[in-house]
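The residues of the chain are indexed from 1 along the displayed sequence.
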Amino acid sequence: MIRRTQDLSAAARAGFDAIIDVRSPSEYAVDHLPGAINLPVLDDAERAEIGTLYVQTSRFLARRLGAAKISRNIAAHLEGPMAGWGKEIRALVYCWRGGQRSGAMALVMDQVGWDVTLVDGGYKRWRRQVVASLHAGEEGLAMPGFLLLEGPTGTGKTVLLDRLRAIGVQTLDLEALARHRGSLFGAMPGGQPSQKQFETHIYEALERLDPARPVIAEAESSRIGDLSIPARLWAALEAAGRIAIIAPMAARVKHILAHYADIAGDRTALGVAIDRLPSHHSRETVDRWRALAAAGDIGTLARELMEAHYDPAYARWSSRRRRPLAGQVESDLTEDGLMAAAQRIAALAEQV
């Protein structure tokens with residue numbers, strides 16, 4: 001018997017051995033339920049072909065062609081990625097609306113003997129759940145209380161989140177979820193997820209947190225690369241207390257060289273980033289930075305960028321902050337220094 005469900009909570013999803021997204025690969029790439037695998041019953045070209053036939057020629061012919069293609073694709077999945085699945089597998093299946101595509105897969109799986117459940121409303125139900133929690137705040141997740149790490153570029157805020165997580169402190173690393181380090185030089189290999197996938201990543205991360213305990217995050221602007229922080233989360237971050245991280249310039253330069261090695265080694269990407277700097281820097285200054293990048297003198301470039309661009313921008317931003325600082329933490333950014341700083345931040349978090 002095929003079941004239907006509207007419960008897409010983390011606990012409910014954990015009750016399935018497989019979550020199957022039967023939409024086309026391009027739909028899956030934009031966003032999908034956490035942990036879902038893509039077993040499309042129609043690929044992108046097939047979906048376009050059938051849609052065109054449906055609109056321009058005949059609904060009957062489109063359905064007949066669709067049934068043939070769906071049947072062949074399901075058969076290929078049964079003989080391919082699903083071939084090793086035992087009878088004990090419990091599967092959650094969805095498409096866009098919970099209609100014909102997921103229904104076809106569920107029917108075959110049920111006939112095989114698998115325990116299969118359809119998502120009532122499909123992916124659209126999941127998306128409504130995410131939007132309601134992260135934007136409107138009408139239902140779903142309780143938003144935890146945040147404490148933000150702020151400080152100039154190169155003070156190790158992202159690394160400190162890793163150290164805090166290692167000692168049991170709750171953290172939310174938005175830059176990791178956005179796949180971007182939050183600056184002109186912050187692009188990561190592979191690019192960023194879609195806005196919808198970013199929001200799914202945030203939702204899934206928040207599901208794992210205890211809202212009764214503080215959560216440490218890095219102070220960000222409302223955009224990380226090309227992605228926007230959802231409105232309700234942004235409001236919670238704006239209201240959060242802050243801890244200032246302080247480190248000497250020499251240590252910051254060394255830290256930048258270690259953690260931005262990918263872009264430092266890509267002269268083209270480095271040049272593109274320099275070209276995107278604000279126009280208030282003089283032509284002579286920007287030309288000097290281009291020359292340093294071309295020569296591979298990344299240490300000098302990093303120092304000058306921090307002194308002339310990032311530190312002044314941080315000073316302007318911090319002068320406008322709405323909440324007082326909960327404390328200041330100094331670090332030399334060595335391994336011992338980072339761990340000591342993490343311990344200090346954890347202690348401050350308990351006091352807030």
Side-chain angles (χ1 to χ4, degrees), residues 147-161 174-175 178 180-188 217-229 234 237-264 266-267 269-333 337-338 341 345:
L147 190 60
L148 304 184
L149 304 183
E150 68 171 46
T153 296
T155 49
K157 298 180 292 294
T158 299
V159 177
L160 282 169
L161 290 180
L174 288 167
E175 292 184 0
H180 196 281
R181 286 166 294 216
S183 72
L184 290 174
F185 298 87
M188 292 183 180
E218 184 175 343
E220 306 281 359
S221 66
S222 61
R223 292 183 63 82
I224 304 177
D226 293 328
L227 302 176
S228 297
I229 296 175
W234 177 244
L237 296 176
E238 281 284 87
R242 299 168 188 267
I243 297 174
I245 309 302
I246 302 170
M249 178 60 75
R252 292 168 59 196
V253 171
K254 185 176 180 181
H255 180 83
I256 288 291
L257 293 179
H259 289 86
Y260 283 72
D262 53 347
I263 192 168
D266 186 338
R267 304 291 172 82
L270 200 53
V272 169
I274 290 172
D275 289 340
R276 293 173 59 197
L277 286 165
S279 58
H280 65 261
H281 297 295
S282 70
R283 178 178 297 179
E284 292 77 10
T285 298
V286 174
D287 285 344
R288 170 174 167 76
W289 290 341
R290 288 196 190 101
L292 289 171
D297 190 353
I298 309 303
T300 302
L301 175 62
R303 178 185 290 272
E304 293 191 10
L305 281 169
M306 286 191 284
E307 290 175 341
H309 176 69
Y310 284 107
D311 286 8
Y314 170 73
R316 290 191 297 271
W317 173 83
S318 62
S319 69
R320 299 192 300 268
R321 61 174 170 249
R322 300 177 183 177
R323 295 289 297 266
L325 287 175
Q328 293 186 348
V329 174
E330 296 185 15
S331 175
D332 61 6
L333 303 182
L338 287 166
I345 293 166

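Taking all atoms of both residues into account, the shortest heavy-atom contact from Ala178 to Ile224 is CB-CG2, 3.8 Å. Summarising the geometry of Ala308 relative to Trp289, their closest heavy-atom pair is CB-CZ2, 3.8 Å, with the distance given to 0.1 Å. Nearest heavy-atom pair across Val329 and Ala341 is CG1-CB, 3.6 Å. Nearest heavy-atom pair, Leu147 versus Ala240, reported as atom, atom and distance to 0.1 Å: N-CB, 4.4 Å.
Counting only heavy atoms from C-beta outward, the side chains of Glu175 and His180 never approach each other to under 4.5 Å. Counting only heavy atoms from C-beta outward, the side chains of Thr153 and Ile256 approach each other to under 4.5 Å. Using a 4.5 Å heavy-atom cutoff, the side chains of Ile243 and Lys157 are not in contact.
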request  = Check step by step if side chain to side chain contact (heavy atoms under 4.5 Å, CB included) holds for Leu301 and Leu270.
outcome  = CA-CA 11 Å; Leu301 175 62; Leu270 200 53; 4.0 Å; yes

Side chain to side chain contact (heavy atoms under 4.5 Å, CB included) between Leu237 and Leu174, intermediate numbers included = CA-CA 11 Å; Leu237 296 176; Leu174 288 167; 3.8 Å; yes

task = Apply the test side chain to side chain contact (heavy atoms under 4.5 Å, CB included) to residues Ile245 and Ile345: give CA-CA distance (whole Å), side-chain angles for both, the deciding distance (0.1 Å), then the verdict.
result = CA-CA 9 Å; Ile245 309 302; Ile345 293 166; 3.9 Å; yes

request  = List the steps, then state whether side chain to side chain contact (heavy atoms under 4.5 Å, CB included) holds for Leu333 with Lys254.
outcome  = CA-CA 9 Å; Leu333 303 182; Lys254 185 176 180 181; over 6 Å; no

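Other residues, nucleotides and ligands contribute at most 12 non-hydrogen atoms within 6.0 Å of the CG atom of Asp226. For Glu330, the CD atom sits in a loose shell: 12 or fewer heavy atoms of surrounding residues, nucleotides or ligands are nearer than 6.0 Å.
The OG1 atom of Thr285 sits 11.0 Å away from atom CZ of Arg290, with the distance rounded to the nearest 0.5 Å. Atom OG of Ser222 sits about 7.0 Å away from atom CD1 of Ile229, to the nearest 0.5 Å.
Taking the charged nitrogens against the carboxylate oxygens, Arg288 and Asp297 have no contact shorter than 4.0 Å, which rules out a salt bridge.
Under a 3.5 Å cut-off, the side chain of Thr155 and the backbone N or O of Pro152 do form a donor-acceptor pair.
Shown are Arg181, His259, Glu218, His255; of these, the side chain to side chain donor-acceptor pair (under 3.5 Å) with Thr158 is made only by Glu218.
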